[in-house]
Amino acid sequence: MKNILVLCTGNSARSQMAHGYLQHFADTAGRGESAQVYSAGVAPHGVNPLAIQVMAEDGIDISHHTSNHADEYTSLPLDYVITVCDNAREQCPIFPSTAKKVHHSFTDPSHAPGDNKLAQFRAVRDEIKAYSQQFIEDNVTSQVPA
């Protein structure tokens, strides 16, 4: 089983959505438990309700997720550390493991103007969904024996 940590600044939106999708795609790959996904932030400040809402619109429940600090995972044997924003990549703690570090920056939907915020959350959600599905196909399910 692969251990995957998704990092962002606040662990409130992008990392939470990626956490939800990565776990979903790993679980539905048809090969049993192939990955355990975690998410954290370098300065966590709670799960954004709009992230919960837009994920629920796509059938993924992240309402039970918590906003954790990256330091909580430094002793976990990780296979991948995915940073989803430039700030997290720059402040990423040192993980004493052989984890492969992967970076893909997504726009922060919480910075969209008030009237466009929900639309921006949906757009970023869809980008993260596509990225997460491809990541699992390329790095997890392709390496699990049939």
Side-chain angles (χ1 to χ4, degrees), residues 1-74 76-93 95 97 99-144:
M1 180 177 331
K2 302 287 184 186
N3 284 318
I4 302 168
L5 176 65
V6 186
L7 287 179
C8 198
T9 301
N11 191 220
S12 63
R14 294 168 285 181
S15 55
Q16 294 288 348
M17 291 189 280
H19 178 170
Y21 278 127
L22 288 164
Q23 193 66 66
H24 169 75
F25 290 123
D27 290 349
T28 59
R31 298 189 182 169
E33 292 185 15
S34 56
Q36 180 61 52
V37 183
Y38 307 90
S39 63
V42 294
H45 53 264
V47 182
N48 189 305
L50 289 176
I52 294 170
Q53 177 183 334
V54 299
M55 292 297 285
E57 291 172 1
D58 198 31
I60 307 293
D61 180 11
I62 64 168
S63 64
H64 60 282
H65 285 196
T66 58
S67 186
N68 301 339
H69 195 280
D71 289 346
E72 296 176 42
Y73 299 98
T74 55
L76 188 68
L78 298 168
D79 297 289
Y80 295 97
V81 175
I82 304 171
T83 50
V84 293
C85 73
D86 294 333
N87 185 50
R89 179 177 62 174
E90 293 165 9
Q91 296 185 31
C92 185
F95 288 92
S97 70
K100 181 176 181 183
K101 290 164 186 68
V102 179
H103 178 68
H104 189 100
S105 189
F106 295 96
T107 301
D108 187 348
S110 63
H111 290 159
D115 292 344
N116 294 333
K117 207 171 284 273
L118 187 56
Q120 185 66 32
F121 266 85
R122 288 179 178 135
V124 171
R125 173 203 62 199
D126 294 346
E127 292 173 16
I128 290 171
K129 180 179 184 178
Y131 174 83
S132 298
Q133 184 172 19
Q134 191 65 55
F135 182 89
I136 292 296
E137 288 174 8
D138 293 347
N139 299 287
V140 177
T141 57
S142 66
Q143 298 177 11
V144 175

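Numbers here are sequence positions counted from 1.
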Can you name the ring pair (Phe, Tyr, Trp, His ring centres under 6.0 Å) partners of His104, sequence neighbours left out?
-> Phe106, Tyr131

Sequence neighbours excluded, which residues qualify as ring pair (Phe, Tyr, Trp, His ring centres under 6.0 Å) partners of His24?
-> none

For [Y], does its backbone N or O pair with a side-chain atom of [X] as donor and acceptor, under 3.5 Å?
| X | Y | value |
| --- | --- | --- |
| Ser67 | Gly10 | yes |
| His45 | Asn11 | no |
| Asn3 | Pro77 | yes |
| Ser34 | Met1 | no |
| Gln23 | Ala35 | yes |

Between atom [atom1] of [X] and atom [atom2] of [Y], what is the distance when rounded to the nearest 0.5 Å?
| X | Y | atom1 | atom2 | answer |
| --- | --- | --- | --- | --- |
| Leu50 | Gln120 | CG | CD | 11.5 Å |
| Leu5 | Ser39 | CG | OG | 7.5 Å |
| Thr74 | His69 | OG1 | NE2 | 10.0 Å |
| Leu76 | Ile4 | CG | CD1 | 11.5 Å |
| Ile60 | Ile52 | CD1 | CD1 | 13.5 Å |
| Phe135 | Tyr80 | CZ | OH | 5.5 Å |

Pairwise side-chain contact, [X] with [Y], heavy-atom cut-off 4.5 Å (strictly under):
| X | Y | answer |
| --- | --- | --- |
| Val102 | Thr83 | no |
| Gln53 | Leu118 | yes |
| His64 | Asp61 | yes |
| Gln16 | Val6 | no |

Do the charged groups of Lys129 and Asp58 touch, with an N to O distance under 4.0 Å?
-> yes

Exercise: do Tyr73 and Asn68 side chains pair donor with acceptor under 3.5 Å | yes

Is the closest side-chain donor-acceptor distance between Gln134 and Asp138 under 3.5 Å?
-> yes

Determine, step by step, whether Asp108 and Arg14 satisfy the salt bridge (charged side-chain N to carboxylate O under 4.0 Å, His left out) criterion, reporting the C-alpha distance in whole Å, the side-chain angles of both residues, the deciding distance to 0.1 Å, and the verdict.
-> CA-CA 7 Å; Asp108 187 348; Arg14 294 168 285 181; 3.6 Å; yes

Pairs where residues 113-126 contributes a residue and the test salt bridge (charged side-chain N to carboxylate O under 4.0 Å, His left out) is met, not counting sequence neighbours | Glu57-Arg122, Glu57-Arg125

